[in-house]
Engineer: 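Below is one structure. I have some questions about it.
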Amino acid sequence: MSDATHAAAHADAAHDHGETHSHLTRRGYVIGFLLSVVLTAVPFWLVMTGPLDPQLTSILIIGFAVVQILVHTVCFLHVNTRAEGGWTLMAYTFTAVIVLIVIAGSLWIMYHLNSNMMPMTAPIAETGQLP
């Protein structure tokens, strides 16, 4: 192999831009689509028919939403350990951790603000003046 051929092959490899992930086949896309439909239809049915306790229904809807996020990420966004040397998955994981911290912190702050607020008494609520 000559130096020019070796340099050209190296230049072609350098222009891959980390495109090492494989796209799904048509069957993989259909499976992803069907999973998405089921993961949307079941929570919709749970809300419309109300067969379960509202709190359990809310927990199930959140669970289905998380699973649907994972299905979309793997089947349609092609985020896996092979894509771009694993950096895409690392960035996605970091983003998920930050979002969970923000949501959990916001809920914690709102709960403690609500429990530490001074209750409104009847005279203040009705007249707007202190007794």
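This structure is a prediction, so every number in the text was calculated from the model and none was measured.
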Engineer: Under a 4.5 Å side-chain heavy-atom rule over Ile, Leu, Val, Met, Phe, Trp and Tyr, are Leu52 and Val67 clustered together?
Structural biologist: yes
Engineer: With rounding to the nearest 0.5 Å, note down the distance linking CD1 in Ile101 to OG in Ser106.
Structural biologist: 11.5 Å
Engineer: Taking Asn116 for its side chain and His112 for its backbone only, find out whether a donor-acceptor pair lies under 3.5 Å.
Structural biologist: yes
Engineer: Answer whether the closest heavy-atom distance between the side chains of Val30 and Leu34 falls below 4.5 Å.
Structural biologist: yes
Engineer: Determine whether Pro43 and Val47 make a side-chain contact, defined as any pair of heavy atoms from C-beta on separated by less than 4.5 Å.
Structural biologist: no
Engineer: With a 4.5 Å cut-off on side-chain heavy atoms, are Phe44 and Thr40 touching?
Structural biologist: no
Engineer: Which heavy atom of Cys75 sits nearest a heavy atom of Gly28, and at what distance?
Structural biologist: SG-O, 4.5 Å
Engineer: Are any non-hydrogen side-chain atoms of Val37 and Phe33 less than 4.5 angstrom apart?
Structural biologist: yes
Engineer: Considering residues at least two apart in sequence or located in another chain, which fulfil the side chain to side chain contact (heavy atoms under 4.5 Å, CB included) criterion with Val42?
Structural biologist: Val38, Leu46, Phe64
Engineer: Listed by chain and number, what are the side chain to side chain contact (heavy atoms under 4.5 Å, CB included) partners of Ile69, not counting sequence neighbours?
Structural biologist: Thr73, Tyr92
Engineer: Do Leu100 and Leu107 sit in one hydrophobic cluster, given that two such residues count as connected whenever their side-chain heavy atoms are within less than 4.5 Å of each other, even indirectly?
Structural biologist: no
Engineer: Linking I/L/V/M/F/W/Y whenever any side-chain heavy atoms sit under 4.5 Å apart, do Leu35 and Ile61 land together?
Structural biologist: no
Engineer: Can you name the nearest heavy-atom pair linking Leu89 to Asn80, along with the distance?
Structural biologist: CB-O, 3.7 Å
Engineer: What residues form a side chain to side chain contact (heavy atoms under 4.5 Å, CB included) with Ser36, not counting sequence neighbours?
Structural biologist: Gln68, Val71, His72, Phe76
